Undergrad: 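Encoded as structure tokens, here's the structure I'll be asking about.
Please read all numbers here as calculations on a predicted model, not as lab measurements. We name chains A, B, ... by the order of the sequence lines, and we start the count at 1 in each one.
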Protein chains: 2
Amino acid sequence: MEYKIQELADLAGISSRTLRYYDKIGLLKPGRIHSNGYRVYGGAEVDLLQQILLYREMDVPLEEISKILHAPNFDRKVALQNHLRALSDHRDRLNLLIETVQKTISAEKGGILMKDHAKFEGMKKNMIEENEKKYGKETRAHFGDKVVNESNAKLMGLTQKQFEDHETLTTLLNQTLVRALEEGDPGSPLAQKACELHKQWLGSFWSEYSKEAHLGLVQMYVDDSRFKAYYDAIAPGTAEFLLEAMKRYCQ
Amino acid sequence: MEYKIQELADLAGISSRTLRYYDKIGLLKPGRIHSNGYRVYGGAEVDLLQQILLYREMDVPLEEISKILHAPNFDRKVALQNHLRALSDHRDRLNLLIETVQKTISAEKGGILMKDHAKFEGMKKNMIEENEKKYGKETRAHFGDKVVNESNAKLMGLTQKQFEDHETLTTLLNQTLVRALEEGDPGSPLAQKACELHKQWLGSFWSEYSKEAHLGLVQMYVDDSRFKAYYDAIAPGTAEFLLEAMKRYCQ
DNA sequence: TATAAACTATGACGCAACGTCAAAGTCAAG
DNA sequence: CTTGACTTTGACGTTGCGTCATAGTTTATA
């Protein structure tokens with residue numbers, strides 16, 4: 001199927017001016033030029049535009065997109081797989097950002113202080129993971145785990161040791177949660193241990209603590225269907241269970 | 001706690017040049033100026049910067065951010081709630097985009113044609129939902145359901161009627177899946193009915209059909225832990241169940 | 001104490017990716 | 001045929017910084 005410029009623009013949700021600009025810089029030429037001078041785009045151009053817009057979604061500069069797409073070894077299928085990974089990473093960062101806002105809200109409502117560095121968790125920045133989104137560059141493999149972890153630690157206002165301890169705590173917390181869930185009693189010593197571990201985990205983000213704020217945060221986990229689903233992926237029912245455990249922990 | 005310019009920039013993951021620019025345009029003034037002429041930022045500025053970066057995350061222009069933040073009735077708690085909603089919507093759009101890429105990959109691998117309009121599902125565009133992200137403007141309430149649905153239908157290359165049928169089909173598919181899951185047999189007529197409904201659902205995105213492509217897509221749902229969690233939120237085990245049902249459907 | 005490197009300031013130029021507008025040709029419907 | 005919608009090219013402008021130069025201030029080390 002063929003499209004005139006506004007038709008393709010409407011299809012893709014961009015402006016015709018953008019398409020003319022892409023033509024001018026050689027990024028996306030029309031399939032052919034009609035005898036009346038109008039640009040005509042076909043199926044190949046549609047697929048190319050999809051690629052371009054996926055790269056733009058990740059803020060890749062047009063010049064770089066042009067290099068990628070016009071390389072002799074460009075492979076659409078490989079590119080699509082890379083888009084998938086980049087989008088998935090981006091979604092992960094958004095989840096982190098959402099959790100940061102949730103922690104901020106809980107701290108605010110609970111009348112406690114949140115650590116300054118924690119307020120920017122997940123923001124766009126030159127995190128090494130951010131660079132990993134630039135297609136196929138396995139940054140961790142390139143730089144090694146140590147450099148990546150050092151960078152992450154710095155961003156969290158932690159020393160390397162503290163960061164590793166935090167990672168260990170996260171793992172322990174999840175394991176404890178699962179075991180407590182299997183027991184099935186939100187008031188059990190194991191479940192209460194999980195709440196205590198979660199409190200310790202929050203110590204990386206809040207410079208003070210209140211049970212009110214803690215409970216509010218866990219309530220928000222449950223209220224957000226995607227977060228609930230995420231925690232439930234650890235083991236089904238985890239989010240609700242943690243909330244029930246927290247209710248007892250806070251008495 | 002107080003920060004010099006680079007300290008705050010590092011904390012927030014932005015450049016000092018950005019902070020100077022924000023100072024110059026009056027968006028974010030330092031808390032005070034040291035006797036040596038250096039900018040000094042405090043807790044209030046940290047909180048303000050968090051707000052600014054959250055708005056920037058959603059591509060809100062600086063001038064608009066300034067109006068919002070400097071309005072007499074600006075309420076930080078309300079703003080944080082609005083950020084939460086905007087981020088959640090953005091994450092939803094990313095999920096849609098991920099699914100679009102998945103459908104594209106499956107169609108490519110299955111050697112079938114995908115509809116052109118479907119290739120741009122979820123892309124940034126002037127969707128009315130996109131406008132809804134601009135803080136507290138309840139677009140659906142403002143314009144009404146009919147206008148929103150018409151807009152969505154147009155974007156999907158559907159008439160209003162077709163769009164509504166598609167929505168109905170989605171609901172029926174989910175309901176059928178849940179009932180089939182309760183039966184517990186992936187080969188049951190009900191489970192096979194669900195697969196048939198999913199095939200019909202895909203008709204809005206693929207101009208042709210192949211079982212290979214269909215199976216590949218459902219496999220991808222299961223392989224993405226977040227999508228798996230999303231489908232499992234309908235009812236735990238839904239994603240895996242659909243995959244098992246599809247294996248029988250494709251024989 | 002002196003020195004050099006790192007940090008801070010201001011000013012200014014430049015850039016990417018379009019948005020907006022003007023002027024003129026083409027198309028389609030009444 | 002007329003008019004409004006669509007297309008073209010060309011050009012100016014905008015936003016949000018990045019980059020660089022120059023000069024003052026701070027910090028760590030010998």
Undergrad: Should B:Glu57 and A:Arg93 count as an ion pair when the cut-off is N to O under 4.0 Å?
TA: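 A salt bridge is present here (some side-chain N lies under 4.0 Å from a carboxylate O).
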Undergrad: Check the surroundings of atom NZ in B:Lys109: do more than 12 heavy atoms from other residues, nucleotides or ligands lie under 6.0 Å from it?
TA: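 No, not enclosed.
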Undergrad: Given A:Gln6 and A:Asp10, is the side-chain hydrogen bond (donor to acceptor under 3.5 Å, both in side chains) satisfied, shown in steps?
TA: CA-CA 6 Å; A:Gln6 194 58 51; A:Asp10 286 342; 3.1 Å; yes
Undergrad: Check B:Lys119 with B:Asp116, please: is the shortest side-chain N to carboxylate O separation under 4.0 Å?
TA: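 Here B:Asp116 pairs with B:Lys119 in a salt bridge, since their nearest N and O are under 4.0 Å apart.
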Undergrad: Quick one: bend of the helix from C:dT1-D:dA30 to C:dG30-D:dC1 from 5 pairs per end, to 10°?
TA: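 That helix has its two terminal axes inclined by roughly 20°.
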Undergrad: Measure the spacing between CD1 of B:Ile112 and OG of B:Ser207 and express it to the nearest 0.5 Å.
TA: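 OG of B:Ser207 is found 7.5 Å from CD1 of B:Ile112.
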Undergrad: For residues A:Glu99 and A:Asn95, is any side-chain donor paired with an opposing acceptor at under 3.5 Å?
TA: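 Their side chains do not contain a donor-acceptor pair, so the 3.5 Å distance test is not met.
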Undergrad: Let me know the distance between CG of A:Asp10 and C1' of D:dC6, rounded to the nearest Å.
TA: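 The distance from CG of A:Asp10 to C1' of D:dC6 comes to 12 Å, rounded to the nearest Å.
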Undergrad: Could you check A:Glu63 against B:Gly37 and say which one's nearest nucleotide on DNA chain C is further toward the 5' end?
TA: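 The answer here is B:Gly37.
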Undergrad: Assign each of A:Ile25 and B:Val40 to its nearest nucleotide of DNA chain C by heavy atoms, then name whichever residue's nucleotide is nearer the 5' end.
TA: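 Between the two, 5'-proximity favours B:Val40.
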Undergrad: Should A:Arg20 be listed as having a side-chain N or O under 4.0 Å from OP1 or OP2 of D:dG10?
TA: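 No, because none of the side-chain N or O atoms of A:Arg20 sits under 4.0 Å from OP1 or OP2 of D:dG10.
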Undergrad: Please confirm whether the shortest side-chain N or O distance from A:Arg39 to OP1 or OP2 of D:dT7 is below 4.0 Å.
TA: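 Negative; the distance criterion is not met.
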Undergrad: According to a strict under-4.0 Å criterion, is B:Ser15 in side-chain N/O contact with OP1 or OP2 of D:dG18?
TA: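 Yes, B:Ser15 has a side-chain N/O under 4.0 Å of OP1/OP2 on D:dG18.
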Undergrad: Please confirm whether any donor atom in the side chain of B:Tyr22 sits under 3.5 Å from an acceptor in the base of D:dG16, or the reverse.
TA: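 Under the 3.5 Å cut-off, the side chain and the base do not form any donor-acceptor pair.
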Undergrad: Mapping A:Glu7 and B:Lys4 to their closest nucleotides on DNA chain D, which lands nearer the 5' end?
TA: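 Its nearest nucleotide lies further toward 5', so the answer is A:Glu7.
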Undergrad: D:dT15 P sits how many Å from B:Lys24 NZ, rounded?
TA: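 About 13 Å, once rounded to whole Å.
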Undergrad: What is the 5' to 3' range of DNA chain C, first to last nucleotide, that sits under 4.0 Å from any heavy atom of chain A?
TA: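 Footprint of chain A along DNA chain C, 5' to 3': C:dA17 to C:dC27.
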Undergrad: Can you confirm whether A:Gln81 is buried at CD, in the sense that more than 12 heavy atoms of other residues, nucleotides or ligands lie under 6.0 Å from that atom?
TA: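 More than 12 within 6.0 Å, yes.
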Undergrad: Is A:Glu63 atom CD crowded by more than 12 heavy atoms from other residues, nucleotides or ligands, each under 6.0 Å away?
TA: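 Check fails, neighbour count at 12 or below.
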Undergrad: Quick check on D:dG24: is either OP1 or OP2 less than 4.0 Å from any side-chain nitrogen or oxygen of B:Asn36?
TA: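 B:Asn36 to D:dG24 OP1/OP2: no side-chain N or O under 4.0 Å.
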Undergrad: Around atom NZ of B:Lys67, are there more than 12 heavy atoms from other residues, nucleotides or ligands closer than 6.0 Å?
TA: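 Open.
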